[in-house]
4 protein chains.
Amino acid sequence: MNELDNLIGDLYEYDDELTAKQRKIIIAAIEAFAEKGYASTSTSEIAKNAGVAEGTIFRHYKTKKDLLISIVGPMVQKFIAPFVIRDMEKVLNQDHESIDDFLRAMLKNRIAFVSKNKLLFKILIQEIPFQPELKDLFKRHIGMKVVEKATLIIQHYQEKGQLVDLPPATIIRGIVSSIFGYIITRNLLLPELDWDDEVEIERTIHFILHGIKK
Amino acid sequence: MNELDNLIGDLYEYDDELTAKQRKIIIAAIEAFAEKGYASTSTSEIAKNAGVAEGTIFRHYKTKKDLLISIVGPMVQKFIAPFVIRDMEKVLNQDHESIDDFLRAMLKNRIAFVSKNKLLFKILIQEIPFQPELKDLFKRHIGMKVVEKATLIIQHYQEKGQLVDLPPATIIRGIVSSIFGYIITRNLLLPELDWDDEVEIERTIHFILHGIKK
Amino acid sequence: MNELDNLIGDLYEYDDELTAKQRKIIIAAIEAFAEKGYASTSTSEIAKNAGVAEGTIFRHYKTKKDLLISIVGPMVQKFIAPFVIRDMEKVLNQDHESIDDFLRAMLKNRIAFVSKNKLLFKILIQEIPFQPELKDLFKRHIGMKVVEKATLIIQHYQEKGQLVDLPPATIIRGIVSSIFGYIITRNLLLPELDWDDEVEIERTIHFILHGIKK
Amino acid sequence: MNELDNLIGDLYEYDDELTAKQRKIIIAAIEAFAEKGYASTSTSEIAKNAGVAEGTIFRHYKTKKDLLISIVGPMVQKFIAPFVIRDMEKVLNQDHESIDDFLRAMLKNRIAFVSKNKLLFKILIQEIPFQPELKDLFKRHIGMKVVEKATLIIQHYQEKGQLVDLPPATIIRGIVSSIFGYIITRNLLLPELDWDDEVEIERTIHFILHGIKK
DNA sequence: TATGAATGAGGTTTCATTCAT
DNA sequence: TATGAATGAAACCTCATTCAT
């Protein structure tokens, strides 16, 4: 479980916050939630796969939902938000000459991030519609901070005459849809295909920038 | 539940196949599945909301999963596939001069379709990852028939010199991502906003055709 | 379980409100609660003794506490309160010449009642301190209606010059303590002794009326 | 927790038998048992309220029931029994002229005792029916020694012609019921009322001595 | 001595499903 | 056809107790 091991290291700043059993619980939970969905995964199954007693899960997480939140919350909080924001600040400060470069940087970064966190990503998008806590978290972090920043960046480039005069919200939606479309197709819908990320990212950037019309 | 009533009429060709109770069961099930997810909805809850006895559900549907499939299967089979295909044939036959018109027709049609079937749509995309039957159905209908047709159309326009020379798969992904991005934002993420569909569809078409660069 | 059978008949006015299984559940629950206490009785144990599946209990009673309340509530409501009140009205109306007769009637009646409901009585006094619902029920029925009536009766006899001039509350406490003292000693503390109820009741009445001093 | 602190000092002859943690455990246990009942109190709750680790409880008390017994046992053994007996011997030796004085002394003494030990008293009467160990302890100490002595005293006064010719057991029951009736009403049923103990004790003595008849 | 992570048996409750009516 | 009582497996969770540190 190399992917998962790294992941844990990322999610929890101080590794020693977690006992060995806790790590095993989290890893087993991530795998099960991603494969069968949160509601269809039983705590006894998680315990069995983690090699711990069922009671041990509840010593560390008061409820099953607590376990979910503690897995998926940090992903939203510590990763998505700060990374995105830092990236964007970098962009604004370094003042890339063209948005091409900016877009390229962003896409690669985000795609690498999701590739490292495929399972968590799947859990997150599956459960957001049903977990008000997650929805809130998401709206607060992404909806407010990220969209705000993104709007500024887009206006910045629009003023420089590089971007079309669509409303920033529409532009953001276009970009995000394209990115997610790629990520989901690549990782969830057709993971069995041979993907040349380098090339396909360039194509996606081309699509975002110039559309499909010749 | 006007939306649901129409819906039922659409899903089942011969309305009289369904008893009144069956209709009520299906409606209650759609509402519950969409709101809380398939796995988190109990059959007793469906029965209560439908105003029937618990046993009645199992008289008509052997298992709970049968109920799900019988709700979401027809959507895939009878709706998505035929509509899309028919649309596309229409396009190819009528031979729209420009893809602009074609795209516009498609988008409006698909968006109208999903608006009519918001709840079913939500159930479908939530459950596809977890229900092999649905995944198969989907892949067979969409993946094979639709993608095939779409590829032909794109090649058709590429030969006419109207479309950029990206691989058809990339183009399809771009278009579909943009459509879904709009539908999901509009119906699931931010349904509380005031949407002017006419205008926003035009913007989305513009994005698909020309991208974001000026 | 003849005692319990009668009991059920008393508690539920229309016997046919209860299925056979429900009766068995209630009887098993009463026995277990009385023997081991509510908190120390498991629902699985009740189910086993009742000869039903555990789920059956929860089909009829939403929670374990529901089961307790539905057993002990009617005892308070339908029995204690109305009986006592009716008795007392009878007394006031018939206007017994002396309180001796009244006391005697009361004691016999109450003692017979508790003898018929020994187990329920035990459950009731054990659980009242821990179940707010029961406390409320009890205070409302006994505390308010019964004490009020009793006060009137005592004042009635005090005016006739038959009763000592202690505050009614003190007199009620004295009488009730003596009755409960007898009932508890007789049924709970020393049930193994040979009790001649007739005689012992006369003695208790003598104690209440004249005290211990010669 | 002044009440509880004194209490502990009383229960354990050599205070230094107890570590600070042990004291905290006992105090927390008394409070919890009294409030929610023995069976409904978890050891983890006691540990938390005592500010110790869960394991610490089991270092001092082999089982949860051990803890209960070690709390409530001394109350029966070291307190009730010896006090009562000593009092009674005093009475017999000092040879109070009248039982009035004797009764008054007893009542005040017992009521003061229970007031100091309200919580323990509550635990004791709640748990006696369900804990054979306690029942035994109680029967051995109270049932045998106390009743024996009390019988002697009553016969003593009966011979002096001061007491009515009811069987001693009946007289004991009358007195004890009246005392408990007062203590329970005062401390458990209606603790929120303003009680003037001096006055109410006199009234209770009057009731015991002369009954309710004028 | 004290800790608190770990246990696993057992608690209450839910639930899809069956079946006699 | 429709019912809803009944089921029992399995869900989530609690808890007294143990044990390595």
Side-chain angles (χ1 to χ4, degrees), chain A residues 18-22 24-25 39-48 50-67, chain B residues 19-22 24-25 39-48 50-67, chain C residues 18-22 24-25 39-48 50-67, chain D residues 19-22 24-25 38-48 50-68:
Chain A
L18 295 169
T19 60
K21 305 242 165 193
Q22 228 170 327
K24 288 199 278 179
I25 290 169
S40 301
T41 300
S42 75
T43 50
S44 82
E45 201 180 341
I46 295 172
K48 202 164 56 193
V52 304
E54 202 169 350
T56 306
I57 292 176
F58 291 94
R59 171 154 286 278
H60 294 291
Y61 307 93
K62 270 217 307 268
T63 65
K64 188 188 167 195
K65 189 170 294 175
D66 255 35
L67 177 57
Chain B
T19 63
K21 306 235 166 199
Q22 231 168 325
K24 287 200 277 179
I25 290 169
S40 302
T41 300
S42 72
T43 49
S44 80
E45 202 181 339
I46 295 171
K48 200 166 58 192
V52 305
E54 290 201 54
T56 307
I57 292 176
F58 291 91
R59 186 144 286 285
H60 295 289
Y61 306 93
K62 244 185 14 210
T63 66
K64 188 187 167 192
K65 189 170 292 177
D66 259 31
L67 177 57
Chain C
L18 294 170
T19 60
K21 306 243 164 191
Q22 230 169 326
K24 287 200 277 180
I25 289 168
S40 302
T41 301
S42 74
T43 50
S44 82
E45 202 180 340
I46 296 172
K48 201 164 57 191
V52 304
E54 205 167 349
T56 306
I57 293 176
F58 291 92
R59 171 154 288 278
H60 294 291
Y61 307 94
K62 266 216 311 268
T63 64
K64 188 186 166 194
K65 188 169 293 174
D66 255 35
L67 176 57
Chain D
T19 64
K21 306 236 163 195
Q22 232 170 324
K24 287 199 278 179
I25 289 169
Y38 167 76
S40 301
T41 299
S42 72
T43 49
S44 81
E45 203 181 339
I46 295 172
K48 200 166 59 193
V52 305
E54 290 201 55
T56 306
I57 291 176
F58 291 90
R59 187 146 285 284
H60 294 290
Y61 306 93
K62 246 184 15 207
T63 66
K64 187 186 167 192
K65 190 171 288 176
D66 259 31
L67 176 58
L68 173 66

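Here is the naming used below: chain letters follow the sequence lines, and residue numbers restart at 1 for every chain. Hydrogens, waters and symmetry mates are skipped; everything else that's a heavy atom, side chains included, is used.
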**Request:** Please tell me if the side chains of D:Lys64 and D:Ile46 come closer than 4.5 Å, counting only heavy atoms from C-beta onward.
**Result:** no

**Request:** Please test A:Leu67 against A:Ile25 for side chain to side chain contact (heavy atoms under 4.5 Å, CB included), starting from the C-alpha separation and ending with a verdict.
**Result:** CA-CA 9 Å; A:Leu67 177 57; A:Ile25 290 169; 4.2 Å; yes

**Prompt:** What pattern of brackets, bars and dots sums up DNA chain E from 5' to 3', given Watson-Crick or G-U wobble pairs under 3.5 Å, [ ] for crossing pairs and | for another strand?
**Reply:** .||||||||||||||||||||

**Request:** Examine distances only and state if a side-chain atom of D:Tyr61 and a backbone atom of D:Leu68 form a donor-acceptor pair shorter than 3.5 Å.
**Result:** no

**Complete:** Smallest heavy-atom separation, C:Thr41 atom then C:Glu45 atom, equals CA-OE1, 4.1 Å

**Message:** With rounding to the nearest 0.5 angstrom, report the CZ to NZ distance, D:Arg59 to D:Lys21.
**Reply:** 12.5 Å

**Item:** Rounded distance (nearest 0.5 Å) linking atom CD of C:Glu54 with atom OG of C:Ser44
**Value:** 5.0 Å

**Request:** Provide, to the nearest angstrom, the distance between the NZ atom belonging to C:Lys48 and the C1' atom belonging to E:dG10.
**Result:** 12 Å

**Request:** Considering only heavy atoms of chain C and a distance under 4.0 Å, specify the first and last nucleotide of DNA chain F in 5' to 3' order that meet this criterion.
**Result:** F:dA5 to F:dG8

Tabulate protein N/O versus nucleotide N/O from nucleotides 13-16 of chain E, keeping only pairs under 3.5 Å, one per line.
from   : atom 1 : to      : atom 2 : distance (Å)
E:dT13 : OP2    : C:Lys64 : N      : 2.7
E:dA16 : OP1    : B:Thr41 : O      : 3.3
E:dA16 : OP1    : B:Lys64 : NZ     : 3.1
E:dA16 : OP2    : B:Thr43 : N      : 2.6
E:dA16 : OP2    : B:Thr43 : OG1    : 2.7

